[in-house]
Structure formats: C-alpha cells, structure tokens
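Notes follow once the structure below has been shown.
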There are 2 protein chains.
Amino acid sequence: MLHLTLRQLQVFESVARHLSFSRAAEELHLSQPAVSMQIKQLEEGVGLPLFEQLGKKIFLTEAGREVFRYGSNIGQQLAEAETVLAEMKGLQRGKLVISVVTTANYFAPQLLALFCQRNQNITLSLNVVNREVLIHQLTNNEMDLGIMGLPPEGLGIDAEPFMENPLVVIASPNHPLALEQNIPLSRLAQETFIVREMGSGTRSAMERFFAQHGLALSTGMEMSTDEAIKQAVKAGMGLGVVSMLTVALELETKRLVVLDVDSFPIRRHWFVVHRSGKRLSVVAQAFKEFLVNEAAQLVVA
Amino acid sequence: MLHLTLRQLQVFESVARHLSFSRAAEELHLSQPAVSMQIKQLEEGVGLPLFEQLGKKIFLTEAGREVFRYGSNIGQQLAEAETVLAEMKGLQRGKLVISVVTTANYFAPQLLALFCQRNQNITLSLNVVNREVLIHQLTNNEMDLGIMGLPPEGLGIDAEPFMENPLVVIASPNHPLALEQNIPLSRLAQETFIVREMGSGTRSAMERFFAQHGLALSTGMEMSTDEAIKQAVKAGMGLGVVSMLTVALELETKRLVVLDVDSFPIRRHWFVVHRSGKRLSVVAQAFKEFLVNEAAQLVVA
DNA sequence: TATTATGATAATCTTTTACTTATGCTTCAT
DNA sequence: ATGAAGCATAAGTAAAAGATTATCATAATA
C-alpha cells in the first residue's frame with residue numbers, strides 16, 4: 001500500500017512547480033529543511049527518487065512527473081469536493097427526496113416547482129404514493145420529507161401542519177341536494193358515497209367523522225384516486241368526500257357542486273412529516289420552512 | 001481549505017460500505033471508538049454531517065454520498081499511481097529520452113528498436129541532433145542518455161565507449177586513388193575534402209588527426225549531414241572522411257570505395273554519455289548496460 | 001421488561017508529525 | 001579562491017494524531 005500524506009503531496013507540488021526547495025519553503029511559510037524532510041518522506045513512501053539534483057538545479061525524475069500528475073488529479077478532486085460541499089452548506093446545491101400522498105398531488109408540484117425556481121441547482125425527486133407506502137418509506141428513511149393529511153401516531157414521526165385541508169361533500173349539479181342549504185348531517189345517511197380505498201387518509205378521516213356523529217356510512221364503490229371519485233360523482237353515481245383543493249376546477253366549471261351540509265367542511269390540515277430524530281439537510285430544512293411559512297398563501301392564490 | 005486526511009477517507013469508505021461503525025472497526029482492526037473519532041473529525045473538516053443515525057441503522061447523508069464519490073476517485077488515483085510507480089521500479093515501465101549525434105542515426109535506431117522490443121511498455125523518445133546541441137541538452141539535463149563520438153571534456157560528463165567507430169576515407173570508384181594500396185598519408189594533401197560543418201564531431205576528429213600528422217587539410221564544401229557528403233563524394237567532387245558505419249550500403253553496392261591510406265582508419269569509439277552525477281533511472285541504466293555489453297555484436301551483425 | 005447491539009463520550013497513553021535552529025557540503029559566480 | 005546559494009543532515013520540541021479501555025445512552029429485540 002502506497003503510504004503518503006496529502007501534506008506531502010502539497011509540499012511536493014510546490015517544489016515541483018518552483019523546481020526549488022527554498023522557493024517552496026517560502027511559499028508555504030516553512031523552513032527549507034521542513035520541505036526537504038517532507039520530500040524525503042514522500043520519496044521513501046513512493047520508493048523512488050522524485051527529484052534529481054544536478055549542480056544547483058533540481059529536476060523532476062520520471063517518477064516525479066508521475067507523482068505530480070496523480071497528485072494534481074487528487075488536488076483537483078479535493079478542490080471540486082470542497083466547492084460542492086460548500087455549496088451544500090448554503091442552499092446553492094442539494095438533493096431533496098419528497099414523497100406525497102396521492103391527494104397532495106393536486107398542489108404539491110406547484111410548491112416544489114416554485115421552490116426549485118427560487119433555489120437553482122437543487123435536484124428534486126418527487127414520489128406520489130398512497131398513505132401506507134409513504135409511512136413505510138418514512139420508517140425506512142427512504143426520503144427527506146413527506147406530505148400527508150393524516151400523520152400516523154406512535155411511530156416516531158414529526159408532523160407539522162402547514163396548510164388547511166377542508167374535506168367537503170361533492171355532488172353532481174343535478175343531484176337533488178345540490179341547491180339546498182343547511183342540509184342536516186343526518187340527511188346524508190340516506191345517500192350512497194363513493195369512497196377511497198381502505199388505508200387512504202381521506203377514507204379514514206371520513207369514517208372517523210361519521211362515527212363521531214353517530215352516523216352509519218353507506219359506501220358504494222371504492223376508488224383508488226380522487227380523480228376517479230370525481231368522475232363517478234359527476235356521473236351521478238353518488239356523493240363524495242374529497243379535499244377541497246382537488247375540485248377547484250370542477251367547481252369553477254360547474255361540473256360539480258359542494259353540498260352545504262351542517263358540520264362540514266371537515267377541518268383538517270396538510271402536514272409535512274419526517275422521521276423524528278432525522279437530521280434534516282439544509283435543503284430539506286429550507287423546504288420545510290417554505291411550506292410552513294408560505295404554502296398556504298401560495299396555493300390559495 | 002478542506003482539511004482532511006487520507007486516513008479519514010479510508011475509514012470513512014469502510015463505514016460507508018458497511019453502513020456500520022462496528023463492522024468498519026472490525027475490518028480495519030480498530031476499536032469502535034477509533035472509527036467514531038475519525039468520522040467525527042472528517043465531519044468537522046467537511047463541515048457537514050456525513051451519516052445520520054435513525055434507530056440503530058445509519059445512513060449516508062447527501063454530503064456523505066458526495067464525500068464517498070470524491071473519496072473513491074481519490075482512492076482510485078492513488079491505486080493507479082501505485083501500480084505505475086511499482087512498474088517503474090522494475091523494468092516494466094519507463095520513459096527514455098535519448099539524443100544521438102547525427103552520424104549515430106545510422107545505427108542507433110536499430111539498437112533502440114531492439115531494446116524496446118525486449119522491454120515492452122517503455123516509451124522512447126529519440127532526438128537526432130548535432131554535437132553542439134547534444135552537449136547543450138546534456139548540460140541542461142534535457143535527456144537521459146546521449147550517444148556521440150567525441151565526448152566533451154571538463155564539463156562533468158560521464159562517457160563510456162561501447163562500440164568502435166572507425167573513420168575512413170571514402171572516394172568515388174572512379175577516383176584515381178581508388179585502386180591504389182598503401183597510399184601515404186601525405187598524398188592526401190593534394191586532395192580536396194568534403195567535410196562536415198564546424199562543431200561536428202567527425203570534423204573535429206578529422207582536423208585533429210591531420211594536424212597531429214602535420215598535414216594541411218584542404219577543405220571544399222561543408223555539408224551538415226553524412227548523407228550529403230556521400231552524395232558529393234559519389235559525384236566525384238572530392239574525398240570524404242566518414243564513419244565506417246555510415247557507408248556499409250554504398251560499399252556493398254560499389255557506389256563508394258574506402259581508400260587504403262596509411263594510418264587509416266582513424267580509431268575512434270562511440271560513447272554513451274550522461275551528465276555526471278545524474279541518477280540514472282532503472283530504464284536508462286538498463287539501456288546503458290545494453291549498449292556496453294551487446295551493441296558491438298548487434299550492429300556488426 | 002430485560003437484554004443486546006450500536007454508537008458516543010471521556011480519560012489516558014504512546015507515537016508520529018511537523019516543525020524549528022544550527023550546521024555541513026557542494027556548486028556556481030565573482 | 002571566496003562568498004553566496006541551495007539542499008542535506010542532525011538534534012530537539014510542541015502539538016497532534018491515533019489508539020486504547022471504560023463507561024454511558026439509546027433503540028431494537030426477545
């Protein structure tokens with residue numbers, strides 16, 4: 001094994017550049033013998049003379065030229081590493097791995113795009129998965145931050161709310177209840193609901209809500225995306241409970257209406273989550289703060 | 001300036017590979033705290049955490065991945081340097097810079113070719129220059145070895161003879177003296193000689209020789225190569241004095257003849273030279289020995 | 001809940017590193 | 001031939017590097 005130190009290479013580089021021990025010593029603010037010793041040790045480590053002295057001039061040997069070449073490469077690698085790491089300390093560079101729950105797909109991309117726009121040179125990876133998978137990723141440390149509506153408890157997860165997430169009842173504009181006001185909650189017991197699959201955060205929240213109010217929920221089809229629920233509701237196959245954010249377009253274009261049911265909307269929040277105890281990178285920390293401080297205004301607008 | 005040591009990188013590499021401090025400690029035959037400390041110091045030097053611990057598993061941070069990448073590159077450079085240098089210690093690799101005097105161009109390439117053939121992986125650079133330039137290169141250490149017929153004295157040059165270099169008088173086959181035998185040296189005083197330029201080794205040797213024998217040399221044209229002299233002599237423009245080696249072909253094909261002059265041939269040698277005190281590389285040393293031991297037989301054959 | 005595995009921390013010791021100054025030797029230039 | 005320049009060598013020193021063992025904290029596991 002080649003035994004040498006970076007210090008030796010550094011001193012060697014200076015000597016090779018000046019072709020003078022004394023000049024190198026000056027440059028490095030060392031005594032001349034200190035330089036001689038470093039070179040001597042390097043030569044011992046390498047096992048070959050690196051300089052030859054003829055008269056009062058010194059020259060690089062062939063071996064010296066090789067060491068110079070490799071030493072330069074190494075120096076370059078170090079310099080490059082230094083700048084990259086320096087950039088990572090600031091916000092100039094970094095990688096951010098984010099997973100969001102299916103529903104968040106309606107607004108998360110906007111936020112990420114905006115954040116990346118502000119901080120160039122940040123590489124981003126976005127995964128859209130369902131709640132269960134996200135929890136799995138979270139416990140396995142496969143991501144930096146997650147966005148979800150219903151953080152699991154007791155799994156050592158830090159969750160911070162950053163935006164409202166009202167759940168509303170949607171119906172086709174042709175639905176009998178479409179124009180009514182102050183619909184009593186109990187009235188919904190007669191209706192059929194198109195719901196998300198088990199394990200979905202929206203589904204859980206919805207079930208809990210109805211249970212709390214002593215209502216039996218009659219579920220029709222199960223859909224694995226909010227998009228599918230919207231289509232089914234549009235087609236008049238029943239009512240739906242979805243996040244307000246997912247139906248902005250449909251409301252505007254009158255494809256769907258929000259029913260004015262008592263106790264609705266269900267008040268929930270979006271949370272940014274990460275495994276507790278995880279040391280967030282500079283970038284991750286910045287993104288989290290970005291969400292907490294600005295996301296609410298940005299998405300509304 | 002990024003402050004880190006190769007030791008730190010080495011330990012880091014092991015930890016990153018095992019994703020375990022304890023495993024790395026085993027591999028490196030160290031105690032676990034020793035590993036912890038190296039990593040800690042590296043992290044301090046870098047200014048960023050390289051690992052994060054979640055539960056009892058550790059993960060590389062983004063910064064850690066970068067350090068791993070650059071560290072690997074550096075390790076690779078070191079390994080490559082090691083093999084190259086190891087090869088240079090043997091004869092498996094090396095570079096040889098040779099300069100030869102113009103006349104030696106008639107036999108030096110054969111020798112070099114043979115040497116390279118025997119020792120693959122040796123890079124060779126051959127310069128053909130005149131005597132003055134060669135001496136200049138020699139004093140400036142611009143080459144490893146030189147081949148010349150008349151080593152300068154008093155310039156701190158080591159010269160070792162390795163092959164005979166007889167100088168003969170050549171003439172056109174039609175020359176009046178062509179068929180004569182035992183031509184007295186004095187007879188040459190009536191002839192015109194085509195000579196090499198001043199500073200040429202052959203020219204110097206020739207002048208010295210005539211002077212020693214009390215003869216005035218009448219010179220005609222000056223030529224800067226032996227080839228040109230041969231052409232002029234062939235054309236009947238005068239006599240020439242050249243190294244025997246340069247006219248082998250012309251003698252065989254009767255384009256030229258060697259005159260049988262008393263005291264001729266001038267007995268000289270080819271010398272392999274280098275600046276005295278120069279540390280010859282393994283390759284240069286080998287080539288020098290090759291010349292001294294084998295060149296004579298090889299070129300004759 | 002007790003055990004075990006893993007890493008962090010503390011105290012300590014030895015060795016090596018990275019220098020220094022003083023001095024000597026060689027070569028070049030005056 | 002004498003001085004100056006340049007590198008090597010020797011002796012000495014303060015700091016650090018690189019370990020060790022012992023102990024502690026934490027989290028997964030049985």
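Lettering of chains follows the sequences in order, A, B, ..., and the numbering in each one begins at 1.
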Quickly work out the [X] [atom1] to [N] [atom2] distance and round it to whole Å.
| X | N | atom1 | atom2 | answer |
| --- | --- | --- | --- | --- |
| A:R23 | D:dC7 | CZ | C1' | 12 Å |
| B:L4 | D:dA16 | CG | P | 17 Å |
| A:E52 | D:dC7 | CD | C1' | 15 Å |
| A:Q53 | C:dT27 | CD | C1' | 9 Å |
| A:I39 | D:dA8 | CD1 | P | 9 Å |
| B:E44 | D:dA16 | CD | C1' | 14 Å |
| B:K40 | D:dG18 | NZ | C1' | 15 Å |
| B:L50 | C:dA8 | CG | P | 12 Å |

Ion pair check, [X] and [Y], cut-off under 4.0 Å:
| X | Y | answer |
| --- | --- | --- |
| B:R23 | B:E26 | yes |
| A:E164 | A:R268 | no |
| B:E160 | B:K288 | yes |

Legend entry - Other residues, nucleotides, ligands: >12 heavy atoms within 6.0 Å of A:K57 NZ: no
Legend entry - Residues, nucleotides or ligands: over 12 heavy atoms within 6.0 Å of A:E153 CD: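 Incorrect, the count does not exceed 12.
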Inset, instruction - Describe, as an angle rounded to 10 degrees, how the axis at the first end of the helix from C:dT1-D:dA30 to C:dT30-D:dA1 is tilted relative to the axis at the last end, five pairs per end. - result: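 For the helix from C:dT1-D:dA30 to C:dT30-D:dA1, the axes at either end differ by 30°.
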Inset, instruction - For D:dC7, take OP1 and OP2 only and decide whether either is under 4.0 Å from a side-chain N or O of A:S22. - result: yes
Legend entry - Short side-chain to backbone donor-acceptor contact, B:H136 and B:E132, under 3.5 Å: no
Inset, instruction - Return the set of residues passing side-chain hydrogen bond (donor to acceptor under 3.5 Å, both in side chains) with A:T61 (not counting sequence neighbours), or none when no residue passes. - result: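 None.
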Inset, instruction - Name all residues meeting the side-chain hydrogen bond (donor to acceptor under 3.5 Å, both in side chains) criterion together with B:T103; count only those two or more places apart in sequence or in a different chain, and write none if there are none. - result: B:R196, B:D226
Legend entry - Euclidean distance, A:L150 CG relative to A:T202 OG1, rounded to 0.5 Å: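 That separation rounds to 9.0 Å.
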Legend entry - Protein-to-nucleotide contact annotation, 5' to 3' order, nucleotides 25-30 of chain D [B base; S sugar-phosphate only; - none; under 4.0 Å, heavy atom]: --SS--
Can you give me the N/O atom pairs linking the protein to nucleotides 17-22 of chain C at distances under 3.5 Å, or say none if there are none?
{"unit_1": "C:dC19", "atom_1": "OP1", "unit_2": "A:R7", "atom_2": "NH2", "d": "2.7"}
{"unit_1": "C:dC19", "atom_1": "OP2", "unit_2": "A:R7", "atom_2": "NE", "d": "3.3"}
{"unit_1": "C:dC19", "atom_1": "OP2", "unit_2": "A:R7", "atom_2": "NH2", "d": "3.2"}
{"unit_1": "C:dT20", "atom_1": "OP2", "unit_2": "A:S31", "atom_2": "N", "d": "2.7"}
{"unit_1": "C:dT20", "atom_1": "OP2", "unit_2": "A:S31", "atom_2": "OG", "d": "2.4"}

Inset, instruction - Assign the ring pair A:F115 / A:F290 to parallel, tilted or perpendicular, where the plane angle (0 to 90°) is split at 30° and 60°. - result: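 Answer is tilted, since the angle falls between 30° and 60°.
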Legend entry - All pairs passing ring-ring contact (aromatic ring centres under 6.0 Å, His included) where residues 33-90 of chain B contributes a residue, at least two apart: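 ring-ring contact (aromatic ring centres under 6.0 Å, His included) check on residues 33-90 of chain B returns B:F12-B:F51, B:F21-B:F51.
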